[in-house]
Amino acid sequence: MSVDPIVLFFLLGVGARLLRSDLRLPEAMYEGLSIFLLITIGLKGGVELAAHPLGPLLPQAGGVIAMGLALPLIAYPVLRGIGRLGRPDAASIAAHYGSVSMVTFAVALAWLADRKVPHEQYMPLFVVLLEVPGIIVGILIAKLGAGRGVHWGDLAREVFLGRSVVLLAGGLVIGWASGPHALEPQAKLFFDLFKGVLALFMLEMGLVAAGRIRELRRTGVFLLGFGTLMPIVFATLGILVGRTVGLSAGGSMLLGTLAGSASYIAAPAAMRIAVPEANPSLSLAAALGVTFPFNVIVGIPLYATIATRLFGPPI
Amino acid sequence: MSVDPIVLFFLLGVGARLLRSDLRLPEAMYEGLSIFLLITIGLKGGVELAAHPLGPLLPQAGGVIAMGLALPLIAYPVLRGIGRLGRPDAASIAAHYGSVSMVTFAVALAWLADRKVPHEQYMPLFVVLLEVPGIIVGILIAKLGAGRGVHWGDLAREVFLGRSVVLLAGGLVIGWASGPHALEPQAKLFFDLFKGVLALFMLEMGLVAAGRIRELRRTGVFLLGFGTLMPIVFATLGILVGRTVGLSAGGSMLLGTLAGSASYIAAPAAMRIAVPEANPSLSLAAALGVTFPFNVIVGIPLYATIATRLFGPPI
Amino acid sequence: MSVDPIVLFFLLGVGARLLRSDLRLPEAMYEGLSIFLLITIGLKGGVELAAHPLGPLLPQAGGVIAMGLALPLIAYPVLRGIGRLGRPDAASIAAHYGSVSMVTFAVALAWLADRKVPHEQYMPLFVVLLEVPGIIVGILIAKLGAGRGVHWGDLAREVFLGRSVVLLAGGLVIGWASGPHALEPQAKLFFDLFKGVLALFMLEMGLVAAGRIRELRRTGVFLLGFGTLMPIVFATLGILVGRTVGLSAGGSMLLGTLAGSASYIAAPAAMRIAVPEANPSLSLAAALGVTFPFNVIVGIPLYATIATRLFGPPI
Amino acid sequence: MLPVHPRKVVVIITESALEPQLVKDVRRLGAQGYTIADVRGGGKHGDRDNDWERDRNIRMEVVCDEPTADAIARHMRETHAPHWAMTILLGDIGVLRPEKF
Amino acid sequence: MLPVHPRKVVVIITESALEPQLVKDVRRLGAQGYTIADVRGGGKHGDRDNDWERDRNIRMEVVCDEPTADAIARHMRETHAPHWAMTILLGDIGVLRPEKF
Amino acid sequence: MLPVHPRKVVVIITESALEPQLVKDVRRLGAQGYTIADVRGGGKHGDRDNDWERDRNIRMEVVCDEPTADAIARHMRETHAPHWAMTILLGDIGVLRPEKF
Ligand SMILES: Nc1ncnc2c1ncn2[C@@H]1O[C@H](COP(=O)(O)O)[C@@H](O)[C@H]1O
Ligand SMILES: Nc1ncnc2c1ncn2[C@@H]1O[C@H](COP(=O)(O)O)[C@@H](O)[C@H]1O
Ligand SMILES: Nc1ncnc2c1ncn2[C@@H]1O[C@H](COP(=O)(O)O)[C@@H](O)[C@H]1O
Ligand code: NA
Ligand code: NA
Ligand code: NA
């Protein structure tokens, strides 16, 4: 069987960086591609939302948000107890794993589409809902636990109006308000090119993920274990939550992937400002250097298998 | 009825900026998208020009240029008399409103295409013809009126060889020289993606337009009135000129949109150099903060209505 | 007959620069487009390689590499003897002409595709194979001849892991490992947009090539002759090699184009580091200011004619 | 010769995420202006060479009188330097329009 | 110790639209070279923070002898400073190859 | 007033292709850090105005003690300056944390 080109692009980036090639994507291109992906995922979800009555989604949304609040509370004691990390670092890493990775979600989406597995098309709504709660809980752990105040105004702007939330949620609303027909003239850019852009973006992700691997030597073996086992636990939890709130097997697998993914865009930005005493290298090495590659290569097929086992019908 | 996604993208940008999100498009992306739009509009017009004998277009072109020369002469006394602005500022704003906004034109084009309204496909020719005259007249008012000399050589290069004129005119010539058949291999980039790129660009336009709104508080209510009423007057004039030179209702509406639009790329660049004593915030706040949003949201449908009234058959 | 838009885009760039327009593409866009082109050419070749047994290609590959090693050895004595250039400059220019220009190859590819001339679809493999040998031989001439040592480790990384080799070779491997079917979701980006992107890139090439023309005045007439005649000799040689190793007329014409093209990305980067005493303006003026435009406008049709004469059946 | 007035220039090289905070800080401490460039670099906190969006540095330059420079440098050292990659430099510079700085 | 020759450095921070003019100006006034960086900033003319293409600043640095520095600073102050966002700074710097500056 | 410790700043403006080499050089010669900005400029080797990827300049700034500054400047002048467009400047600067530089 042929290998998924999306994974190959990622590996090309990893290889180029490990061999110390001078290959790098210009930063504007990286930003442009990520803007494109965020909007497109939003639009896709929004177009589908338009076809659904919103009422029945509310309980699902509530369950998903509750899960987002719970995840960092599970991760934190593990990081303190087993990882022996200080409060700021443990809280920061918990926030990263409580939030989500939009690219991991996109890869899972493409993976399901290639295999024609049905799933709720409005899943992007949950990406938006899951991005913020984990970060807020992580900050609360760091601040309140340390008996320190929080600038709630600044913080809210940082997390709710961060680039990725605005683009995802903006795309959702535009897709929802326009509907598929009005968006047709834009479809050739946003929808037709999505998987090609994702492949290019994975090249960049490979370059930056490999750049983080060096740091792992310094941070030791704990983060390696945490970055691979915690996602499996979280993903399983996500799949169970999906099942509980009534998602299909495909949708539950996607929710599991979200739960098992770690944020490396929104969370690092917010935590650096809110908890500057945490070492940003630790959390980024784990989220980007371990968990992202793990999910892309091992996790996604694994979570599909888990979902299949739990649901019965094979994905 | 669903809302036009192009307007929604614009509003997303406006909202993100007003809420002080950190969302911004990398400058290279902004420039890349605008290069794409300028070339594509040029190519579209050029391909159509190839199908027309050029002779009969000459009188139309003459009428359009004459209008371009007249517009700043109408705006200037209003700005001096009612707005009580000094000579440099009045001349500079007159130049902005004498010239045109390519993006407003593109939005109007997409608006007509969505409604399948027929119009002369070579209209991009008039965008090129209208870009420069208004700027030159504005500079003349500022300079000669002040009894000061003009570096005509530098100035000509600045306005005739500015980025937007070169790309629009270059696209026109390439489209004209190649014809539709030879351009087919390029069509999937330039023509198929046009409306998607325009939507992305409108997101950026929303961000920058909203950034100008703050300045309006300082410049007062006059620019608000000028920036909404002058376009209506100019657009009506443009529609009448269109009718006079024999354009269709759709073509006249487009010419009206051009007349009613204000330049925020070519004119600011040229005026800053040629008339440095003018305050660039005033003209940009009006052109970008008032007139551009007004045209995109209110103006374009309004000009279509005016054209319909004047021509009879509904657009 | 209509003119090829790819050439027209190039001429637009040349004209804009010669008239001193302020038009320039943002650097990130230039880099992004070139990354796109390199990957796409690689993917195209790789997809075709997957359909071929690799064994029979080995002798062809050997012949092509041997040619790559030979070209600078032919150019060097000409540059020393007739051009009266010093050892470093002659060696550096020889390296540029020994290596290849990916964009010239892409233009030739598009030229053949427009005319539906059959050719071996795995030709991109030879682009990869030809990029490096000429550069290494050029460095050897400069260094060993001067009795100086070479940092082989650094040098190998510079040439074998330079951006263009990594992207081309990476694209080849991904295309080969995925095969056409798995790449279908990416085809709409990489394959459908290829010629449009190439056209945009040629605009940038026109701008930079024209910027080099000024320098030619200083470097005199020799480089003008060398930059037009050497490519014809090399291209003829390349066509003969193609015939010898069993390529079709179209494939031989492409190999000739590669032989006749001069590198202006990989070679300048490598030579500047390895042979800093060479004047980089000379080699770049020749490769970019003379040979690139010559090949795009005159060379490619000429090499097709030569291939036709040598092979019999008209291209 | 033009009369040149002596002033201080404070240069702060730090992580780009701190930019909005720095701008607020220096304004509050009395600076009448500032200039910021995107840079990359290396120091005690390792190489910050731009290969990931959060790994960028900025270089802020503030021209001001000596007390303001002192206040800015002191604030940076005490508030941000403990937790951020940061270099603080102080130099002498001349200005033509003393009221501007 | 290398012998170090004292020179002046003129720093001009202003709107990017002025760049071509500045380059012509300093060459004409005797500078043998110049260096320009893209920057953003804030001052009397408000924040110039890069969010629209006409809102960019540049920072030009010219190393030269004292009379040239004086001529450049004077020209900037008289010709451009009245109508443009502009900061002019003058500093001391050392060079190794005195004939170059 | 904060105690300010005098140091030297070496500024090297040169072709961007030399960047990796320069970073290695200054580290080897004892610098504890460096800062690099992308710039453009003009000098003896013509205008380097960014219009082709190989025509970019960088501006490297190294704050260090006097012997290190001397060693860096000397090395640049002897090894790279003959073949590369390069400007080497030496200035005085103050730092707050002397152990860092
Ligand atoms: N000795 C130095 N000279 C110039 N820049 C420095 C020096 N040390 C540190 N920097 C800059 O300041 C940033 C933060 O420094 P640090 O906190 O030492 O990591 C670095 O990333 C460099 O850009
Ligand atoms: N005190 C200052 N320190 C550093 N840079 C300044 C200062 N004042 C102004 N600038 C820079 O000079 C530009 C023009 O200044 P102004 O004319 O005061 O608006 C600003 O946009 C800043 O980039
Ligand atoms: N007098 C000067 N003032 C400021 N920068 C200079 C000066 N001379 C040269 N440079 C910079 O140093 C680079 C190399 O200088 P050169 O070797 O003289 O061509 C130039 O491209 C400029 O960026
Ligand atoms: Na998660
Ligand atoms: Na107008
Ligand atoms: Na060659």
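Just so we're clear, the structure is a prediction, and the values are computed from it rather than from any experiment. Below, chains carry the letters A, B, ... as their sequence lines are ordered, and counting in each starts from 1.
- Among E/E61, E/R59, E/R7, the residue making the largest number of heavy-atom pairs under 4.5 Å with chain F is E/E61.
- Inspection of non-hydrogen atoms places no residue of residues 70-89 of chain E under 4.5 Å from chain F.
- In this structure the side chain of E/Y34 never reaches within 4.5 angstrom of the side chain of F/V39, judged on heavy atoms.
- Applying a 4.5 Å heavy-atom cutoff, the residues of residues 93-101 of chain E that approach chain F are E/I93, E/G94, E/V95, E/L96, E/R97, E/E99, E/K100, E/F101.
- Using a 4.5 Å cut-off on side-chain heavy atoms (C-beta onward), F/R40 and E/I58 make contact.
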